[in-house]
Structures are given as C-alpha cells and as structure tokens.
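First comes the structure, then the notes that go with it.
Note that this is a predicted model, so its numbers are computed, not measured. Proteins come first, then strands; the chains are lettered A, B, ... in the order of their sequence lines, and each starts at number 1. Worth knowing before you read on, the calculation uses all heavy atoms, side chains too, and leaves out hydrogens, waters and symmetry mates.
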Amino acid sequence: MITFENVTKTYPGDDLPALEDITVHIEAGEFVFLVGASGSGKSTFLHLMIREVRPTVGRVIIGSADVGRLRTYQVPRLRRRIGIVFQDVRLLPNKTVAQNVAFAMQVVGQRSRDIRTRVPALIERVGLAGLGRRLPHQLSGGEQQRVAIARALANAPALLIADEPTGNLDPDTTVGIMRLLEQIHADGTTVLMATHDAGIVDRMRKRVVELDGGRLVRDQARGVYGYA
Amino acid sequence: MFSQLIFVSGEVWTGIRRSLTMTVAVTVTFAVSLSLLGVGVLVGAQVNEMKDFWYDKVEVSVFLCTEGSTAPTCDGETPEPERQQIEGEIRAIGVVASTTFETQQQAYARFIEQFAGSPIAENVTPEQLPASFRITLTDPQRFLDVSEALTGRAGVEAVRDQRSTFNRLFDLLNGLRLISFTFAGAMLVVTVLLVANTMRVAAFARRREVSIMRMVGASRTAIQLPFVLEAVVAAVIGSALAGIVLASIKRWVIDGVLAPSLTFTTFIGWQEVAWAAGGVAAIGLMLAIVTSLIALARYSRA
C-alpha cells in the first residue's frame with residue numbers, strides 16, 4: 001500500500017534534512033500511528049504521500065504509483081485515492097454539513113445522483129444523522145471533525161490519512177473520534193494517523209512508527225507512545 | 001457532465017456575487033477598451049473602403065489650357081489637333097488603363113451639379129473650366145509616369161493626381177485610427193492588470209475552497225474553471241457592450257450624420273461592423289482566458 005524507500009527530504013535553503021533515509025512499508029488494511037515531537041518530520045512524511053512535496057532522494061510508492069515521479073496531471077488521481085483529515089478541520093463555513101461533504105464529490109465530477117445517495121449515508125456513518133443541514137459553526141469540535149472525516153471518505157479512498165485529528169478535542173470527544181476511525185479501519189480502509197496523544201496510542205495498541213529529528217527511530221507492531 | 005455544469009455555474013455565480021463591484025469594473029474596462037479597439041478597426045475599414053472607392057475611379061487628371069490660362073505651357077485654349085496629339089501620347093504611356101475626355105461643357109455640368117444652390121455656381125461659365133483627360137492607371141502608385149510625360153507639354157496646363165487630395169484625408173483618418181489604437185492599447189493594459197488583480201483577490205477569497213479541492217483531488221481544470229469563467233463572463237458582457245457601441249456608431253454617426261452630409265464617398269456597411277465587433281470580442285475573450293490562467297498559476301498554485 002505505502003512504501004518509503006530510503007527517502008530523504010531536504011527543503012531548499014535548509015542544511016539539515018527534514019526526513020533522512022526513511023524506509024518503511026505499510027500494508028493495505030493496516031492501522032498505523034505516526035508519532036514524534038513537533039519538527040520530527042511527521043508533516044513532511046504525510047506531505048510526501050500526497051505529493052505536496054517530492055522526495056530529494058529515494059522513492060515513495062502508493063499502490064503502484066511512484067509518487068515523486070507522477071506527472072502534475074496525475075496527482076489529482078492519486079489524491080482521490082487518499083482521504084485526508086486535518087487537526088484544524090478545514091470545513092467551508094458557509095456550506096452546510098451535507099454541502100461540505102457533497103463539495104468533495106462535486107469537484108471531482110461525481111454524478112449528482114450518486115452524490116444525493118452517498119452524502120446522507122456518509123453523514124449517518126460518521127454519527128451525524130439528522131445534522132446534514134447544520135452549518136459548521138452550529139456544531140461542536142468533535143462533530144466538525146466527524147464532518148471532515150465524512151468528507152475525506154466521500155470519494156471512497158483506500159487510504160485515510162489523519163493529521164492530529166484529535167489535537168483540538170477534549171478526551172471524551174477524542175475517544176468518540178478514535179472509535180469512528182477504528183470502524184472505518186474495520187471496514188477495510190488503511191488508516192495512517194499522526195498524533196501527539198500518548199493516551200490514544202497506548203490504549204489502541206496498534207503499529208507505531210516513530211520519527212525523531214527526521215529519522216525513523218522505532219517501528220513497533222503493537223506499540224505504545226513512549227518506550228515501554 | 002450536466003450536474004458538473006450546474007455546480008460550476010453555481011460556483012461562478014457565487015464568485016461574481018462575492019466581488020460584484022470588481023466584476024462590474026472588469027466588465028466596464030472590457031467594454032471601453034474593446035470599443036476603442038473596435039473604433040480603430042472601423043476607421044481602418046473606412047480608409048480601405050474609401051481607397052477602394054476612389055482609387056478605382058478618377059486617378060489622374062490632365063487639364064488642358066483655357067482662354068484664361070496663365071501657365072507658360074498655355075497660349076490660349078488648347079486647339080483640337082493638339083488635344084488629339086495629347087490623347088495619343090496619353091494612350092502610349094504604359095501604365096494607363098483607360099482614358100476619357102471631359103469637355104468644358106461636361107466639366108461645367110458636373111460643377112453645377114456639385115455646387116448646386118451655391119452662389120459660386122451662378123458666376124461660372126463653361127469657358128472658365130478646363131477640359132481634361134481623366135486617366136485610370138493599371139497601378140495607382142505610378143502617377144509619376146504620367147506626370148513626367150505630360151508636365152510641361154504645350155497645351156497641358158497641369159497634371160494632377162487626385163489621390164493626393166484623398167491622401168490628406170486618409171492621413172487624417174489614419175491618425176484617428178492610431179489615436180484610438182493607442183488609447184485602446186492603454187485601456188487593454190489596464191484591463192489585463194485589473195483581470196489579474198481580480199483573479200488574485202478571488203483566489204485569496206476562495207483559498208479554503210481551493211485548498212480543499214486540491215486535497216480531495218480535483219483536477220486543475222476543475223479548480224481553475226470557476227475563476228476563468230468569472231473573467232470570461234465579464235469579457236462576454238464587455239464585448240456585447242462594445243458591440244452595441246460599434247453598432248450605435250454605425251447607426252447614428254455614420255448612417256445618421258456622415259453618410260447624408262458627405263456624399264462624395266461610400267461608407268462601411270454592417271458587415272464591417274459585425275467583423276469588428278466579432279474580432280474585438282474574440283480578442284477580449286482570449287485576454288480574459290490567458291490573463292486569468294497566468295494569474296491563477298501565480299497566485300493560487302492550483
């Protein structure tokens with residue numbers, strides 16, 4: 001599903017690489033935590049996967065695509081296979097919940113018939129049945145993040161990337177979001193989640209990939225946040 | 001496809017509404033700059049029209065002497081044998097296509113007709129007006145061939161290229177055309193800058209949408225289309241307004257004022273107006289598309 005082969009990324013003007021010689025493989029259907037302090041290279045790791053940036057050295061392979069070598073016009077197709085959720089949610093404030101989810105389908109040219117049937121199903125799946133007509137500011141932080149997850153799933157991606165999705169949420173709400181991500185994983189979607197939250201990682205006992213100063217320092221099958 | 005169309009037009013409408021004053025400004029600059037450009041094109045077309053009209057007609061006049069001629073080549077009215085000799089010499093010149101002779105009586109009749117109602121006409125007699133050969137040339141540029149052959153010949157008072165009279169008019173019209181092209185050029189620069197700036201503002205206002213579109217894998221076309229269409233809508237409305245301006249000029253200025261008072265020439269028809277309007281519309285459309293694409297590439301990295 002995801003393969004990093006000796007990937008190094010140095011940003012123009014920087015002396016030290018943001019990521020250095022990373023080799024890691026994630027199978028389809030896995031649930032993986034990507035952990036590490038701020039500046040450890042987590043964001044660069046995620047950006048390499050969606051081709052926001054290209055590796056300086058090495059290859060990033062998603063499915064059968066060598067992401068760094070894709071032509072510009074091929075990048076949208078890659079991104080349609082990856083759902084992305086951010087810490088800061090990024091909903092459109094003047095569109096309703098349903099419109100926010102539908103937007104992701106409209107802009108990639110899905111048929112309106114499909115959109116009409118799929119959007120309510122997605123809203124229900126993330127536990128927001130009946131809230132489709134609300135505007136984002138009428139929702140709690142956890143509910144907003146659920147909308148963002150529904151949107152990320154709109155085009156049925158094989159891989160869901162979540163970048164600190166619980167970073168702004170209180171512990172109870174966090175549990176709810178994690179249950180949702182587990183369900184999505186159980187339904188067959190590969191999930192890669194970057195997080196600071198030691199509690200979650202320790203509780204879930206999933207695979208943990210840890211970065212420190214741009215290097216891969218740990219890849220543990222049923223890991224906890226810090227060294228046990 | 002159809003639902004996509006509805007979605008995109010919805011986005012365009014939202015964009016236009018969000019920045020209505022900006023859209024109006026872009027539309028108006030398009031209208032003004034394209035009108036000026038169109039006027040320049042029309043003046044050019046009019047010059048060509050007049051050239052076609054006049055260069056085909058009388059080109060060179062060879063005036064013969066009259067009773068009162070004071071030119072050194074004249075000694076009273078040119079006698080008939082002399083006239084025939086001159087005609088023979090004219091026909092022998094290579095570039096002469098045809099020649100007709102206008103007698104003093106004919107010149108008088110034409111003069112009376114031209115100045116009908118004017119006091120000048122009442123004081124003129126046929127004897128005062130010169131008889132002349134009216135010569136058309138196979139190549140209108142080679143007036144000198146005729147002039148050199150006949151200027152200074154006995155019995156010929158003067159050789160005149162009537163084109164020179166019109167050339168002064170054409171110079172005037174060409175100057176007019178240059179002025180309107182210059183203003184049109186300046187206005188088009190303003191238009192381009194305004195479109196680019198509008199795109200920048202629009203891309204900023206919609207940066208959330210754009211970032212989400214990029215994230216979920218919308219194609220570059222899908223991302224840029226609403227922006228480009230916004231500029232295209234402004235260009236189309238501006239072009240339509242420019243078309244109305246040009247049609248009004250044809251209807252009220254040319255047909256309404258110029259044609260009735262200036263009967264010595266023909267004027268451009270509706271076909272030329274249609275071509276000019278279509279041409280400037282095409283230019284406006286292209287400017288809108290190219291400018292917005294360049295601006296978007298720069299400001300939204302979409």
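For A:Phe31, the side chain to side chain contact (heavy atoms under 4.5 Å, CB included) partners two or more places apart in sequence, or in a different chain, are A:Phe33, A:Met178, A:Leu181, A:His185, A:Val191, A:Met204, A:Lys206.
Using a 4.0 Å cut-off between a side-chain N of Lys or Arg and a carboxylate O of Asp or Glu, A:Arg90 and B:Glu209 do not qualify as a salt bridge. Between A:Lys95 and B:Glu11 there is a salt bridge, with a side-chain nitrogen of the basic residue lying less than 4.0 Å from a carboxylate oxygen of the acidic one.
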Using the side chain to side chain donor-acceptor pair (under 3.5 Å) rule, take B:Thr191 and B:Ser33 through it: C-alpha gap first, then chi angles, then the decisive distance, then the call.
CA-CA 8 Å; B:Thr191 309; B:Ser33 54; 3.2 Å; yes
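Heavy atoms closer than 4.5 Å to chain B are found nowhere in A:Pro157, neither backbone nor side chain. Using a 4.5 Å cut-off between heavy atoms, A:Ile84 contacts chain B through both its backbone and its side chain. The contact between A:Phe86 and chain B is made entirely by side chain atoms (from C-beta outward), counting heavy-atom distances below 4.5 Å. Using a 4.5 Å cut-off between heavy atoms, A:Ile115 makes no contact with chain B at all.
Other residues, nucleotides and ligands place more than 12 heavy atoms under 6.0 Å from the OH atom of A:Tyr11.
Between chain B and the residues A:Val108, A:Asn94, A:Leu92, the most heavy-atom pairs under 4.5 angstrom are made by A:Leu92.
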